[in-house]
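Small disclaimer: the values here were computed from a predicted structure and weren't measured. Labels below follow one simple rule: chain letters A, B, ... track the order of the sequence lines, proteins then strands, and each chain is numbered from 1.
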Number of protein chains: 2
Amino acid sequence: MKRVTIKDIAKLANVSRGTVDRVINNRGKVSKDVEKRILQIAKDLNYKKNILASRLASTKTHRIVIVCPDESSDIFWELPKKGMDKAIDSIKDYGIIFDSWKFNLFDKEEFKTQFKKAIDSLPDIIILAPLFWKESLKLLEYAKKKQVPIITFNSEVEHDSILSYIGQNSYKSGYLVGKLINMGLNHRDEIVMLNLAHKATNAPHYSGKYYGLIDYFKDNALDEKRIHLYDVKNFRNEFKLKLFYQNLKKKHPYLKVLFFTNSRAYKLLNLLDEDEINKYIIIGFDTIEPNVKLLKENKIDFLINQNPIQQGFKSVILGIDYIIHKKSTQSKQYLPLDIVVKENVEFYIDETIL
Amino acid sequence: MKRVTIKDIAKLANVSRGTVDRVINNRGKVSKDVEKRILQIAKDLNYKKNILASRLASTKTHRIVIVCPDESSDIFWELPKKGMDKAIDSIKDYGIIFDSWKFNLFDKEEFKTQFKKAIDSLPDIIILAPLFWKESLKLLEYAKKKQVPIITFNSEVEHDSILSYIGQNSYKSGYLVGKLINMGLNHRDEIVMLNLAHKATNAPHYSGKYYGLIDYFKDNALDEKRIHLYDVKNFRNEFKLKLFYQNLKKKHPYLKVLFFTNSRAYKLLNLLDEDEINKYIIIGFDTIEPNVKLLKENKIDFLINQNPIQQGFKSVILGIDYIIHKKSTQSKQYLPLDIVVKENVEFYIDETIL
DNA sequence: AAAAAAAATTTGCACGTGCACAATTATTTT
DNA sequence: AAAATAATTGTGCACGTGCAAATTTTTTTT
C-alpha cells in the first residue's frame with residue numbers, strides 16, 4: 001500500500017508535478033478545468049501531503065511569538081513555560097522560530113508594550129496570555145488590522161482575531177469548588193472567597209468563578225448569602241495581608257471555608273499558625289510548589305489543577321498546527337479541572353508530557 | 001543560526017558525508033581516529049539529526065504490533081483504542097506499520113495465541129496489555145529469547161524484556177479511594193469492595209487496590225476490619241449477580257460504601273432501584289459511558305479516572321520514540337488518578353488529546 | 001497573420017539523510 | 001616489489017515536496 005504522492009496525481013491527470021503542486025497549495029496560475037480534474041483525482045486517491053517532505057523542502061521560516069508573563073514575576077508562570085518548552089523542543093526540525101516577549105505580571109504598561117511589539121513584528125501567529133482585559137481588547141483590534149492571528153491561553157477574552165482559547169473554564173471551576181465545599185459544610189458556615197490580585201488584571205477571570213460558586217449553591221438549595229467575596233490588592237505586603245485577615249475573622253464569626261481564587265493561597269496561609277488553619281476547609285488553585293507543600297501538610301484541603309503545563313503545551317502545538325496545516329477553526333478547549341488532594345498530588349506535580 | 005548538518009561536519013573533519021553518516025549511525029567501517037574526530041566535532045557543533053530528512057530518506061519500514069483486548073469484548077477497551085488511534089494518525093508520515101492482534105478479554109487461550117503470534121512475527125516492538133499474569137510472564141520470557149522488546153500498559157507486570165510501563169498505580173488508587181470514602185464515613189459503616197472479574201485475569205491488579213485501601217485506613221486510624229473484599233466471578237449473569245447482592249445486604253447490615261475495583265460498576269448498579277442506590281457511597285473506575293450516566297444521575301459518587309485514553313496514546317508514542325530515537329530507558333510512567341465527580345466529568349469524557 | 005503579452009505548464013534544483021556501489025588507500029600475500 | 005586482498009572513504013541517487021526560472025500554449029494587440 002504505497003503512499004499517494006504528487007507524482008501519482010500528476011501522471012493520472014496528464015500534467016506535471018508543478019501544476020499539481022500549484023493546485024494543492026492554491027498558488028493560482030492554473031486553468032479552471034485542470035484544477036478541477038486534479039482536485040478530483042487527489043480526492044479519489046485520498047492524497048495526503050507528506051509533511052516530512054513538505055517541511056524539509058520548504059524555505060519559508062515561520063515565526064511564532066509568545067507573549068506571557070515572565071516566570072520570575074510570578075511562580076505560577078513556570079508551569080505553562082514548561083509545557084511550551086516541551087512542545088517547542090518536540091518540533092525543532094520543522095523550522096519554526098520562536099520568540100518570547102515577556103512582561104511583568106503586575107505591569108500593565110509593559111504588557112501593552114510587549115504585546116504591541118509582538119504584533120508589529122508581524123509573526124505568523126501570536127500565543128498570548130491576555131491578562132489585562134481592557135488593554136487586550138484594544139490591542140486585539142490592532143492585531144486584527146495587522147492580520148496577525150492569535151491563540152490565547154489561561155485567560156478568556158472574546159475577540160474575533162482570536163483563533164483558539166486553551167484554558168480553564170472559570171465558571172465551571174467555581175461550580176466545582178461549590179461541590180467540594182458542600183462535602184464538608186454545616187448549615188451556618190460562612191464561605192470567604194479571596195481574590196489576591198491587582199485590580200488591573202483580567203476581571204472575568206475570577207468573577208466567573210464567583211458566579212459558578214453562587215450557582216452551585218442555588219442549584220443545591222444552599223444559602224448563597226453565606227458566600228463573601230473579597231478583593232485583596234495589597235497581598236504582596238505581608239503586614240497588610242495579615243491585618244486584612246484579622247479583620248476578616250472579626251467580621252465572620254462562622255467562617256469555615258477559605259477559597260482562594262488563584263494560585264496565591266500560600267501567600268496568606270504561610271503567615272498563619274497551624275491550629276488557625278486547621279479550623280478551615282481551604283481550597284486553592286494550581287499545584288505550584290508552595291501550595292503543594294501546604295497540601296501535603298494537610299493545611300490545604302483541595303487544590304484545583306487547571307493543567308497549566310498542558311495549557312502551555314497545547315497552545316504551542318495548536319500554533320504549529322495552524323502554521324503547518326493552516327487549520328484555522330475558531331475553537332475553545334477547556335482543559336480538565338482536576339481535583340487534587342494529598343493522596344493524588346504526586347501525579348500532578350512534575351507532569352511528564354508526551 | 002543555521003542548522004548543523006552532516007555536510008558541515010564532513011567539511012570540518014575533511015571527510016565525506018558518507019563517512020560521517022557511518023559514524024553517526026554506527027555502521028562501522030570507519031577507522032578509529034576518524035571516528036573519534038567526527039564524534040568530537042558532532043558534539044562540539046551540537047549536531048542533531050534532522051528527523052524529517054532521516055525518516056524521509058529511510059527505506060526501512062518499522063513495525064509495531066499491538067496486543068490488547070478487542071474493544072467489543074469489553075467497553076472499557078474502547079478508550080485506550082481511541083488514544084492509540086490518535087497517536088498512530090499523528091505519525092502517518094513516518095513510515096511505521098501498525099498491526100493489531102486482538103483477543104477476547106475473557107479468553108486466556110486466545111491471549112496466549114495472539115501474543116505468541118505477535119512475538120513470532122518479530123516486530124520492532126510490541127505494545128501489550130498483559131492481562132493474564134502468569135501467561136504473560138511465560139511469553140515475556142519467550143519474547144526475550146526472540147529479542148522483541150515490549151511496552152506494557154494498563155496492567156503492571158515485572159519482567160526485564162519490558163521497556164516501559166504506562167498505566168495506573170493500583171496501590172495508590174486504592175489509597176486514594178480510602179480518602180474519598182473517609183470524607184463521608186461514620187464510625188460503624190461497612191465498606192464492600194467488589195471485584196467483578198474472572199479469576200483468570202491479572203491478580204496484582206486489584207489486590208494492589210485492596211492493600212492501598214487497607215493502608216489508608218491504617219494510616220488514618222480507621223478500623224480496616226470494616227472492609228470486605230468479594231470476588232464476583234459470575235458478573236455476566238444478571239440473575240446470579242442480583243442474588244449475590246441480596247446476600248451481601250443480609251450479611252452487612254451497616255453497608256455504606258460500594259467500591260468497585262474496575263470499570264464494571266454499572267453492571268450491578270443498573271440492576272438496582274434508585275432508592276436502593278442512594279443509601280450508599282459508590283465509587284468506581286473509569287469514565288466509560290454507562291458509568292458516566294450513573295454519575296450524572298447522582299448514582300455513582302466518584303469515579304477514578306485512570307486516563308485510559310492517555311494510556312493508549314502514550315504507549316504508542318513511546319513505541320515510536322523507541323523506534324525513531326532508539327531510546328531504550330526502562331521506565332514506568334504512572335498516569336494521574338483523577339477524581340471525577342458529576343461537576344467535572346465533562347472534562348474526562350471525550351478527551352481531545354493533542 | 002505576425003508580434004507582443006499574458007496565461008498556463010514544465011523542468012530542475014534544493015532540503016538533509018540513507019544507502020548501495022564505486023573508488024581509493026592500506027595491508028597482506030606471493 | 002608487484003599482486004591480491006582488506007579496510008576505508010567518496011559519490012550519486014532516492015525520498016516527496018517547494019519554488020522559481022524556463023518553456024510552451026493561449027489570448028490579445030497591432
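- Between A/Arg55 and A/Asp93 there is no salt bridge, since no side-chain nitrogen of the basic residue lies less than 4.0 Å from a carboxylate oxygen of the acidic one.
- Salt-bridge check for B/Lys81 with B/Asp85: passed, with a basic side-chain N closer than 4.0 Å to an acidic carboxylate O.
- Using five terminal pairs a side, the axes of the helix from C/dA1-D/dT30 to C/dT30-D/dA1 at its two ends make an angle of 60°, given in steps of 10 degrees.
- Residues B/Asp120 and B/Lys116 are paired through a salt bridge, judged by an N-O separation under 4.0 Å between the basic side chain and the carboxylate.
- Ion pair A/Arg17/A/Asp21 not flagged as a salt bridge, since none of the NZ, NE, NH1 or NH2 atoms sits closer than 4.0 Å to an Asp/Glu carboxylate oxygen.
- Contact between the side-chain N/O atoms of B/Ser31 and the OP1/OP2 oxygens of D/dT8 is not found at any separation under 4.0 Å.
- For D/dG10, the OP1/OP2 oxygens have a side-chain nitrogen or oxygen of B/Thr19 closer than 4.0 Å.
- At least one side-chain nitrogen or oxygen of A/Tyr47 sits closer than 4.0 Å to the OP1 or OP2 atom of D/dT17.
- Comparing B/Ala53 and B/Ser16 against DNA chain D, the residue whose closest nucleotide sits nearer the 5' end is B/Ser16.
- Within a 6.0 Å radius of NZ in B/Lys11, other residues, nucleotides and ligands contribute 12 heavy atoms or fewer.
- Electrostatic pairing of B/Lys146 and B/Glu141 does not count as a salt bridge here, judged by no charged N lying under 4.0 Å from a carboxylate O.
- In this pair, B/Phe132 and B/Phe103 present their aromatic rings tilted. The plane angle is within the 30 to 60° band.
- For C/dG18, the OP1/OP2 oxygens have a side-chain nitrogen or oxygen of B/Lys49 closer than 4.0 Å.
- Here B/Leu56 lies in heavy-atom contact (under 4.0 Å) with a base.
- Rounded to whole Å, the distance from CD1 on A/Ile9 to P on D/dG16 is 13 Å.
- Atom P of nucleotide C/dT17 and atom CD1 of B/Ile24 are separated by 9 Å, given to the nearest angstrom.
- One atom, OH of B/Tyr94, and another, P of D/dG16, lie 16 Å apart when rounded to the nearest Å.
- Not a single donor-acceptor contact under 3.5 angstrom links the side-chain atoms of B/Arg55 to the base of C/dG18.
- Looking at the side chain of B/Arg17, the nearest of the listed nucleotides D/dT17, C/dC19, D/dG10 is C/dC19.
- OP1 or OP2 of C/dT17 has not a single side-chain nitrogen or oxygen of B/Asn25 nearer than 4.0 Å.
- Proximity of B/Thr5 to the phosphate of C/dC15: no side-chain N or O atom is located under 4.0 Å from OP1 or OP2.
- Note: CZ (A/Arg22) to P (C/dA7) measures 14 Å, nearest angstrom.
- Rounded to whole Å, atom C1' of C/dA26 lies 13 Å from atom CG of B/Asp33.
- Rounding to whole angstrom units, CD of residue A/Glu35 and P of C/dA7 are separated by 16 Å.
- What separates CD1 of B/Ile6 from P of C/dC15 is a distance of 14 Å, to the nearest Å.
- Comment: A/Lys102 engages A/Glu71 in a salt bridge, judged by a side-chain N to carboxylate O separation of less than 4.0 angstrom.
- Checked against C/dC19, D/dC19, D/dG16, the side chain of A/Ala57 finds its nearest nucleotide in D/dG16.
- Taking 4.0 angstrom as the limit, A/Ser54 places none of its side-chain polar atoms (N or O) nearer than this to OP1 or OP2 of D/dG16.
- If you check every strand for non-hydrogen atoms under 4.0 Å, B/Asn50 touches sugar and phosphate atoms only.
- When the P atom of D/dG16 is taken as reference, atom NZ of A/Lys11 falls 12 Å away, rounded to whole Å.
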